[in-house]
Amino acid sequence: MIIACLLLSLNHLHCVYDLFFDCKAPTLQEIAHAAQLSGLNNEDIAYLASLGTFGRHASNISKTLIDKYCKSDELVVPQPYVTRVPMLVRRGNTEKVVLADHHFFLPTDWVASITQFNDSAVINQVFNFDKVKDFWNDHDSEDPKLYKNPVTQIKDFKRTVNPMLLHGDGGQFQRRDSLNVISLHSVLSSFSTAFKFLFLTAMPKKCTNVDKRNNENDTMYAIWRILVWNLEAAFRGVHPETQHTGEPWPANSNRARMAGKPLFHGYKLWVFGINPDLEYLQNQFGLKCQSFNECCWMCPANKSDIPFTDAAPFAEWRKRTYNAKQNRAQPATDHIIMQIPGVVNETFCIEALHTNELGITSHYIGNVLWDQVYQKYGAGKTVSERMSNLWNLVMQTYSDLGISSSNRLGKLTLEMFSDPSRPHQDYPCLSQSKARQARYLLPVVVKISEANMQENPCTYTALCVQAGKALLNMYNVMDTAGMHPKPLERINFREAVDIFQMNYGRLAAESQRKEEKKWNVVNKFHYSAHSPDYFDFFNIRFCSAYGGETEVGLVCALGHRCLDGTPPHKISSKLAYKYRLGQHLRLVHNAEVAFEESDDD
């Protein structure tokens, strides 16, 4: 009866969805048949149990389900665009660059496919075209992003241009390889993460050839050239007149029939923001980030005479932050992505998940927890005693604050914020936790910090409390403000960020004076210090990568299931096929997905 109880919690279409995103078709049939034999009488279960003549012809089960629910010409997910790109192919100890077929889901095809399906609910939830005018009415025309931006030259752009977010990141899909997953979604989409992302393409890292001398042999250049070509057409609001090579579309193909025609109701897609993590911005797009001496694309901050670590209100880098005119004269990178119309320096987002939760917040939390154990603020005579008591205190404070169990840490160990074998040799920082867990651990840690100040009143504990409270205020403003913050919210956000930076900076300076490895200032503090300039025009909460990371996890899990007997450089065909079927079920049949937004890299 255990199997039967499990299936009772599923609907039929969820099972079909699982076929493409979780398990194999014969497995579904076997489970359904076992449930039926255990006494479960249900029409859907009976249908699944009967597939393949009750499992005797298992090879037919997948085709039967696909024919019933996923006829190729009726899918809401578009046909992939297939072209050859250079890839690195390894055989034994040898490797060579070959041209291999690679599959893309093009943005213009996504618009056509979803809108031709003629389901207004799906169209509005994916693109929310009805909200375009409201977005532009609320958006401040003084946004530096709009300065000399070709989007403002589009006739009636405030009625027709849909702002989109472009995301890319790598995720593990086999033991020693990752997939570079690129996706797109509308800022205005009202769908949950599982539905709103438009998957564009994915490339295994081990198949990626890097050739800076010859772009024709560079894998990612070839991929971005195709995406740039299509996003340029989407920006103009038309279906591409030709293939990316300039060759005509195959005669009588759907793309040939649509060539040059306007997108749905004349709408256009503009890359409003690019929101991967800092590593991706640096390694994929060549922006100046942590590995450069001049380590910021927004100002001349560096690791020498204009220190990025300077948190003072009148720091030199603050005086010299680039304005819109300077940004147009000096593009942040020479990457081909800058050729997408409307993409400017300000398009690259201050992404909250990696900059705040996995950056400044994790550093603050790590230092307060370290003090509890090694500064002996916590109760207990030994390190292990104090650690045990700290965990009990964290759990009690979670309960006192009413923080949901889904947002809590499952455990807390010394290794999560220090190296127990050399606790005074490395800077404390919370690790091995998800960004969401760090976000909801913050109010707990601030409460602990306030108790420390009451028991040990001094400048140090006061600075800890002031920094933590400012960080909480920053999050409170972000969480309560809408997409376009009001003037007072902008002021409050900037004040909170500045107070946190100032107090954390004083703690860092004091630790440096004492030659203690505490309160480390890494590049993410500098990028967070820039965030009020972005928040003035758009709430950075709405360009967080939580949803993008979830999409990466989904595609990587699916990619792993495509590896059975298939070399990595050929998985894009299988991946595109399975993704089309599974995503069609999710969009059209609303198969439920037991699936939360993730922040796993």
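We're numbering straight along the sequence, starting at 1.
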Would you check if there is a donor-acceptor pair between the side chains of Q282 and S291 at a distance under 3.5 Å?
-> yes

Between Y427 and K518, is there a cation-pi geometry (under 6.0 Å to ring centre, at most 45° from the normal)?
-> no

Residues V444, L441; criterion side-chain contact (heavy atoms from CB on, under 4.5 Å); working and verdict = CA-CA 5 Å; V444 172; L441 182 59; 4.1 Å; yes

Return yes if some donor-acceptor pair links the side-chain N/O of Q174 with the main-chain N/O of R176 below 3.5 Å, else return no.
-> no

Check: F535 and P485 side chains under 4.5 Å, non-hydrogen atoms = yes

Closest approach of S183 to F197 (non-hydrogen atoms, all atoms of both residues) | OG-CD2, 3.4 Å

Is any side-chain N of the basic residue among K434 and E549 closer than 4.0 Å to the acidic one's carboxylate O?
-> no

Donor-acceptor contact present, side-chain K205 to main-chain Q172, <3.5 Å | no

Between W224 and F285, does the ring centre distance come in under 6.0 Å?
-> yes

Test log, rule salt bridge (Lys or Arg N to Asp or Glu O under 4.0 Å), inputs E216 and R225 = CA-CA 10 Å; E216 296 302 315; R225 182 175 63 177; 3.5 Å; yes

Step by step, work out the side-chain contact (heavy atoms from CB on, under 4.5 Å) result for I350 and M298.
-> CA-CA 10 Å; I350 301 290; M298 297 167 281; 3.6 Å; yes

For I226, does its backbone N or O pair with a side-chain atom of N230 as donor and acceptor, under 3.5 Å?
-> no

Would you confirm whether the ring centroid of F272 sits within less than 6.0 angstrom of the ring centroid of F135?
-> yes

Any donor-acceptor N/O pair, S572 side chain to H103 backbone, under 3.5 Å | yes

Decide yes or no for I337 and L166: does some side-chain heavy atom of the first lie under 4.5 Å from some side-chain heavy atom of the second?
-> yes

Side chain Y364, main chain G359, donor-acceptor under 3.5 Å | no

Counting heavy atoms not belonging to K574, are there more than 12 under 6.0 Å from its NZ?
-> yes

H335 versus Y221, side-chain donor and acceptor atoms under 3.5 Å | no

Indicate the ring-plane relationship of F500 and F525, choosing parallel, tilted or perpendicular according to the 30° and 60° boundaries.
-> parallel

Looking only at heavy atoms, which two atoms of A545 and L353 are closest? And how far apart?
-> C-CD1, 4.1 Å

Could you tell me if the ring centre of W229 sits under 6.0 Å from that of F104?
-> no

Do T355 side-chain atoms and A352 backbone N/O form a donor-acceptor pair below 3.5 Å?
-> no

Where the side chain of D218 meets the backbone of D211, is there a donor-acceptor pair that is under 3.5 Å apart?
-> yes

Could you tell me whether the side chain of R90 reaches within less than 4.5 Å of the side chain of L88, counting heavy atoms only?
-> yes

Tested for side-chain contact (heavy atoms from CB on, under 4.5 Å) against H102, the lone hit among T83, V82, T219, I223 is I223

Would a line drawn from the ring center of F308 to the ring center of W317 be shorter than 6.0 Å?
-> no

Do N162 and S186 get their side chains close enough for a donor-acceptor pair, meaning under 3.5 Å?
-> yes

Can you check whether H354's main-chain N or O pairs, donor with acceptor, with E351's side chain at less than 3.5 Å?
-> yes

Any side-chain heavy-atom pair from F235 and V161 closer than 4.5 angstrom?
-> no

Starting at CG of D533, measure out to CG of D143 and round the result to the nearest 0.5 Å.
-> 11.0 Å

With rounding to the nearest 0.5 Å, note down the distance linking NE2 in H530 to SG in C299.
-> 3.5 Å

Looking at CG of L412 and CD of Q432, how far apart are the two atoms once the value is rounded to the nearest 0.5 Å?
-> 10.0 Å

Considering only heavy atoms from C-beta outward, does the side chain of H167 approach that of V181 to under 4.5 Å?
-> no

Closest heavy-atom contact between L184 and L231?
-> CD2-CD2, 4.2 Å

If you measure from OG on S113 to CZ on R580, what distance do you get to the nearest 0.5 Å?
-> 7.0 Å

Between Y322 and E346, do the side chains contain an N or O donor and an N or O acceptor separated by less than 3.5 Å?
-> no

Grab the two heavy atoms, one from P423 and one from W370, that are nearest each other, plus how far apart they are.
-> O-NE1, 3.1 Å

So CG of N539 and CE of M483: to nearest 0.5 Å the spacing works out to 8.5 Å

4.5 Å side-chain heavy-atom contact, L575 and F199 | yes

L188 and F127: side-chain contact (heavy atoms from CB on, under 4.5 Å), yes or no, with the steps?
-> CA-CA 6 Å; L188 309 178; F127 293 107; over 6 Å; no

Validate the cation-pi geometry between R408 and Y440: distance from NZ or CZ to the six-membered ring centre under 6.0 Å, angle to the ring axis within 45°.
-> no

Which heavy atom of C289 sits nearest a heavy atom of L278, and at what distance?
-> SG-O, 4.0 Å

Inspect the contact between D101 and R84 and indicate whether a charged nitrogen and a carboxylate oxygen are less than 4.0 angstrom apart.
-> yes

Please report the closest heavy-atom contact between P568 and P204, naming both atoms and the distance.
-> O-CG, 3.5 Å

Test applied, side-chain hydrogen bond (donor to acceptor under 3.5 Å, both in side chains); reference residue, R439; option that passes from N356, N407, D479 | D479

So, the side chain of W270 versus the backbone of G342: is there a donor-acceptor pair under 3.5 Å, distance only?
-> yes

Tell me, yes or no, whether the heavy-atom count around K288 atom NZ, taken from other residues, nucleotides or ligands under 6.0 Å, exceeds 12.
-> no

When the ring planes of H139 and F538 are compared, do they come out parallel, tilted or perpendicular, using 30° and 60° as the limits?
-> tilted

Output the distance between atom CG (N275) and atom NE2 (H185), rounded to the nearest 0.5 Å.
-> 7.0 Å

Looking at side-chain heavy atoms only, is the closest gap between L471 and I360 below 4.5 Å?
-> yes

Taking the side chain as every heavy atom from C-beta outward, state whether P331 and N345 have any atom pair closer than 4.5 Å.
-> yes

Hey, mind stepping through V122 and I114 against side-chain contact (heavy atoms from CB on, under 4.5 Å) and telling me if it holds?
-> CA-CA 8 Å; V122 172; I114 288 176; 4.1 Å; yes

Neighbour count >12 (heavy atoms, 6.0 Å) for atom CG, N293 = yes

